[in-house]
Amino acid sequence: MGAVLVAVLGASLVGCSSTGGKRAEDARKASQAQGKAAVNTPRWTFAMVTHSGDGDTFWDIVQNGAKQAAVKDNINFLYSHDDEAQQQAQLVDAAIDKKVDGIIVTLAKPDAMKAAVARAEKAGIPVITVNSGSEESKKFGALTHIGQDETIAGEAVGEELTKRGKKKALCILHEQGNVGHEQRCEGAKSTFKGKMQNLYVTGTNMPDVQSAIEAKLQSDEDIDAVVTLGAPFADTAVKAKEGADSKAEIDTFDLNEKVAAGLKSGALGFAVDQQPYLQGYQAVDLLWLYKYNADVLGGGRPVLTGPQIITKDQAAELEEYAKRGTR
């Protein structure tokens, strides 16, 4: 009964959170993972190991979804991350050594992760890949992949840029070696009727990211669109645009509170949402289903959570969800 009351109260507070700071904070707290398990299955332990760097808000949203599903499914959820592929592989090895009951892993740099995934399979630990590595997931022996097809997402961006009449675009890659990032930019190039070029930046150093974009915009006034590949970089690109006194439109992959606000204000043109909350939630839920009932979703194909083009028209509706950390 207590869990039901929390859920009802949370829903009512979200609807009126704009009326006061306390209510908004209460709504935020009510939306976090809490309550009692909805199942009586054993308390299995699932580990999620991602390629996230420190401070990446995208992965906070993924974790929120995973934690919510873990509560429902009576799962002990462990999370670790490292943006260095070899270190990420070692974290997978550490999860194997702990004899976890399931592993969720990203394959941003699949070659470095292949052996670690194989060790998990050899140990009898089911693996689900999430977010990146859809093409390698099945080959590596994972049960399924959850995320967006990065090439399809890129194609959607190219089509949207063409629809908006853009002629010259810049695609900002903030993590060299990330196959998903390359696929996004290549997909965009394939459908964009204008010209697009890549700009590689060091995503762990935001001042350098800003100066690199600013310098490029200053040197080429014909650039009328900048596409960033992650929500935290959209705001930096806006600052670079202002510093360069450029009229280029700033667009981005992924959604968070700042991006939603930027879309609403017009500072950003559009965003490509891959629903990270859903990626985390479904990964845990599908591992639970496999442990409980040997269920596998997808039929050998990725389970797609995107892409969805978000513009100013949808921003107001999604802003509240972004504030609570679920979009």
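Among all heavy-atom pairs drawn from Ala212 and Val201, the shortest one is CB-CG1, 3.8 Å. Listed here is the closest heavy atom pair of Gly165 and Asp224: O-OD2, 4.4 Å. Nearest heavy-atom pair, Ile152 versus Pro307, reported as atom, atom and distance to 0.1 Å: CG2-CD, 4.1 Å. The minimum heavy-atom distance linking Ala244 with Gln218 is given by the pair CB-CG, 3.6 Å. Shortest non-hydrogen contact noted between Gln210 and Ala240 is O-CB, 3.5 Å. Across all non-hydrogen atoms, the minimal contact from Cys185 to Asn198 is CB-OD1, 3.6 Å.
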Apply the test side-chain contact (heavy atoms from CB on, under 4.5 Å) to residues Asp73 and Tyr292: give CA-CA distance (whole Å), side-chain angles for both, the deciding distance (0.1 Å), then the verdict.
CA-CA 10 Å; Asp73 294 338; Tyr292 172 65; over 6 Å; no
Could you check Thr41 against Trp288 for side-chain contact (heavy atoms from CB on, under 4.5 Å), going step by step and ending with a plain yes or no?
CA-CA 9 Å; Thr41 48; Trp288 176 82; 2.9 Å; yes
Would you sort out whether Gln63 and Asp60 count as a side-chain contact (heavy atoms from CB on, under 4.5 Å), showing the intermediate values?
CA-CA 5 Å; Gln63 285 187 76; Asp60 293 338; 4.1 Å; yes
Worked verdict on Asp101 versus Ile125 for side-chain contact (heavy atoms from CB on, under 4.5 Å):
CA-CA 6 Å; Asp101 300 291; Ile125 301 173; over 6 Å; no
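When hydrophobic clusters are built by joining Ile, Leu, Val, Met, Phe, Trp and Tyr residues whose side-chain heavy atoms come closer than 4.5 Å, directly or via intermediates, Val272 is not grouped with Val179. Residue Ile309 is not grouped with residue Tyr277 when hydrophobic side chains (ILVMFWY) are merged at heavy-atom distances under 4.5 angstrom, including chains of intermediate members. Both Ile75 and Val296 are assigned to one and the same hydrophobic cluster, defined by single-linkage of ILVMFWY side chains at heavy-atom distances under 4.5 Å. Linking Ile, Leu, Val, Met, Phe, Trp and Tyr whenever their side-chain heavy atoms come within less than 4.5 Å puts Val284 and Trp44 in one cluster. The hydrophobic cluster containing Leu107 does not contain Leu143, counting ILVMFWY residues as joined when their side-chain heavy atoms lie under 4.5 angstrom apart, directly or transitively.
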Per-pair distances, 0.1 Å, donor-acceptor, side chain in residues 109-121, under 3.5 Å, sequence neighbours excluded:
unit_1, atom_1, unit_2, atom_2, d
Arg119, NE, Asp93, OD1, 2.8
Arg119, NH2, Asp93, OD1, 3.1
Arg119, NH2, Asp93, OD2, 3.1

Show which side-chain atoms of residues 186-196 pair as donor or acceptor with protein atoms under 3.5 Å away, not counting sequence neighbours.
unit_1, atom_1, unit_2, atom_2, d
Ser190, OG, Gly187, O, 2.6
Thr191, OG1, Glu155, O, 2.8
Thr191, OG1, Glu159, N, 3.4

Residues 228-238, side-chain donor-acceptor partners within the protein, below 3.5 Å, at least two apart:
unit_1, atom_1, unit_2, atom_2, d
Thr228, OG1, Thr252, OG1, 2.6

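Listed by chain and number, the residues in a side chain to side chain contact (heavy atoms under 4.5 Å, CB included) with Gln183 are Glu135, Glu150, Thr151 (sequence neighbours excluded). For His181, the ring pair (Phe, Tyr, Trp, His ring centres under 6.0 Å) criterion is met by His174, not counting sequence neighbours. By the side-chain hydrogen bond (donor to acceptor under 3.5 Å, both in side chains) test, Asp273 is found to be paired with Arg327, residues two or more places apart in sequence or in another chain being considered.
Panel note: side chain Thr144, backbone Leu297; a donor-acceptor pair is recorded below 3.5 Å. Formation of a donor-acceptor pair under 3.5 Å by the Asp251 side chain with backbone atoms of Phe270 is found in this model. Under the 3.5 Å distance criterion, the side-chain polar atoms of Ser246 are matched with a main-chain donor or acceptor of Ala248. With His81 contributing its side chain and Val49 its backbone, the two residues share no donor-acceptor pair below 3.5 Å. Of the possible donor and acceptor atoms, none in the side chain of Thr129 sits under 3.5 Å from a partner among the backbone N and O of Ser137. Formation of a donor-acceptor pair under 3.5 Å by the Asn178 side chain with backbone atoms of Gly180 is found in this model. In terms of modelled atom types and a separation under 3.5 Å, the side chain of Asp83 and the main chain of His51 share no donor-acceptor contact. With Asn64 contributing its side chain and Gly325 its backbone, the two residues share a donor-acceptor pair below 3.5 Å. A distance-only check finds no donor-acceptor pair linking the side chain of Gln279 to the backbone of Ile146 [under 3.5 Å]. Although no hydrogens or angles enter the test, the distance criterion places a donor-acceptor pair under 3.5 Å between the side chain of Gln314 and the main chain of Thr311.
Between Tyr281 and Lys72 the shortest side-chain heavy-atom distance falls below 4.5 Å. Using a 4.5 Å cut-off on side-chain heavy atoms (C-beta onward), Val259 and Leu268 make contact. Val62 places a side-chain heavy atom less than 4.5 Å from the side chain of Met48. Side-chain contact between Phe253 and Val227: present, with at least one pair of heavy atoms (C-beta onward) separated by less than 4.5 Å. No side-chain heavy atom of Phe46 sits less than 4.5 Å from a side-chain heavy atom of Ile103. Put simply, the side chain of Lys241 reaches to within 4.5 Å of the side chain of Leu217, judged on heavy atoms. The shortest side-chain heavy-atom distance between Leu287 and Ile104 falls under the 4.5 Å cut-off. Under the 4.5 Å side-chain criterion, counting only non-hydrogen atoms from C-beta, Leu318 is in contact with Leu255.
One distance of note links NZ of Lys98 with CG of Leu78; it measures 5.5 Å at 0.5 Å rounding. Note that CZ of Phe77 is 11.5 Å distant from OG1 of Thr45, once rounded to the nearest 0.5 Å. Note that CG of Leu170 and CD1 of Ile250 are 9.0 Å apart. Values are rounded to the nearest 0.5 Å. Considering NZ of Lys258 and CD of Glu319, their distance stands at 13.5 Å, rounded to 0.5 Å. Between the NZ atom in Lys167 and the OG1 atom in Thr162 there is a gap of 8.5 Å [rounded to 0.5 Å]. Summarising the geometry, atom CD belonging to Gln282 is positioned 9.0 Å from atom CD1 belonging to Ile128; distances are rounded to the nearest 0.5 Å.
Within 6.0 Å of the CG atom in Asp245, the count of heavy atoms belonging to other residues, nucleotides or ligands does not exceed 12. The neighbour count for Glu221 CD, taken as heavy atoms of other residues, nucleotides or ligands under 6.0 Å away, does not exceed 12. At most 12 non-hydrogen atoms from other residues, nucleotides or ligands lie less than 6.0 angstrom from CG of Asp54. Counting non-hydrogen atoms of other residues, nucleotides and ligands closer than 6.0 Å to CZ of Arg164 gives a total above 12.
For the residue pair His145 and Ser134, no side-chain donor N or O sits within less than 3.5 Å of a side-chain acceptor on the partner. At a cut-off of 3.5 Å, with distance as the only test, a side-chain donor of Gln88 or Thr106 sits close to an acceptor on the other residue. Gln274 and Asn131 share a side-chain donor-acceptor pair at under 3.5 Å.
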